[in-house]
Amino acid sequence: MRVVSFTVPAWFPAYGRETTARRPEVQLTEQESAVFLCLATGASNAELAGELHLSVSTVKFHVHNIRAKLGGISRLQACLLAALAREEGTLSAGGAAAVRR
């Protein structure tokens, strides 16, 4: 299993945490990172499932894990971070080039 890293920008709101603290890198699995990047489109779970050839329950599972790993953020916040990651290419795999879809 390949793990993909993502760092939440320091300016992104963090509820219940000190905003000046350095944010740790978030480790997403390859499947989670695929779902994460597709969240940028604002698609529903059913639409994501169709695009990624997964079941809806698998997409729900990955979205839940992604939100938890990113500090319990909302789905909308996850969509915004995903759009930022796609735009800036901030997802990387073990120091490799940034992942873009």
Side-chain angles (χ1 to χ4, degrees):
M1 169 174 44
R2 194 177 94 187
V3 176
V4 180
S5 298
F6 175 73
T7 303
V8 178
W11 54 264
F12 197 78
Y15 301 106
R17 289 188 296 205
E18 181 62 40
T19 57
T20 58
R22 185 173 183 273
R23 305 241 174 124
E25 241 181 25
V26 176
Q27 302 292 314
L28 301 177
T29 66
E30 190 171 357
Q31 194 72 268
E32 287 170 345
S33 67
V35 172
F36 178 66
L37 289 174
C38 287
L39 278 174
T41 64
S44 68
N45 287 340
E47 292 168 332
L48 292 174
E51 183 177 336
L52 297 170
H53 306 290
L54 300 171
S55 71
V56 175
S57 62
T58 300
V59 170
K60 286 181 184 180
F61 176 77
H62 288 313
V63 169
H64 174 78
N65 286 344
I66 291 164
R67 291 179 55 217
K69 287 180 178 183
L70 291 172
I73 63 175
S74 70
R75 184 183 178 104
L76 176 59
Q77 289 174 314
C79 291
L80 293 171
L81 283 176
L84 179 65
R86 286 179 75 155
E87 182 67 28
E88 295 182 352
T90 55
L91 280 178
S92 63
V99 176
R100 285 193 178 258
R101 290 190 75 111

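Val63 is connected to Leu54 through a chain of hydrophobic side-chain contacts under 4.5 Å among Ile, Leu, Val, Met, Phe, Trp and Tyr, so both are in one cluster.
Under a 3.5 Å cut-off, the side chain of Glu87 and the backbone N or O of Leu84 do not form any donor-acceptor pair. Between the Glu51 side chain and the Leu48 main chain, no donor and acceptor come within less than 3.5 Å of each other. With Arg67 contributing its side chain and Gly72 its backbone, the two residues share no donor-acceptor pair below 3.5 Å.
Of all heavy-atom pairs between Ala40 and Arg86, the closest is CB-CD, 3.4 Å. Across Arg75 and Ser44, no two heavy atoms sit closer than the pair NH2-C, 3.9 Å. Residues Phe36 and Leu81 come closest through the heavy atom pair CZ-C, 3.7 Å.
Atoms SG and CG, on Cys79 and Leu39 in that order, are 5.0 Å from each other to the nearest 0.5 Å. One finds the NZ atom of Lys60 at 9.5 Å from the OG atom of Ser55 (value rounded to the nearest 0.5 Å). Atom CD of Gln31 is separated from atom CG of Leu52 by 7.0 Å, given to the nearest 0.5 angstrom. One finds the NE2 atom of His64 at 11.0 Å from the NZ atom of Lys69 (value rounded to the nearest 0.5 Å).
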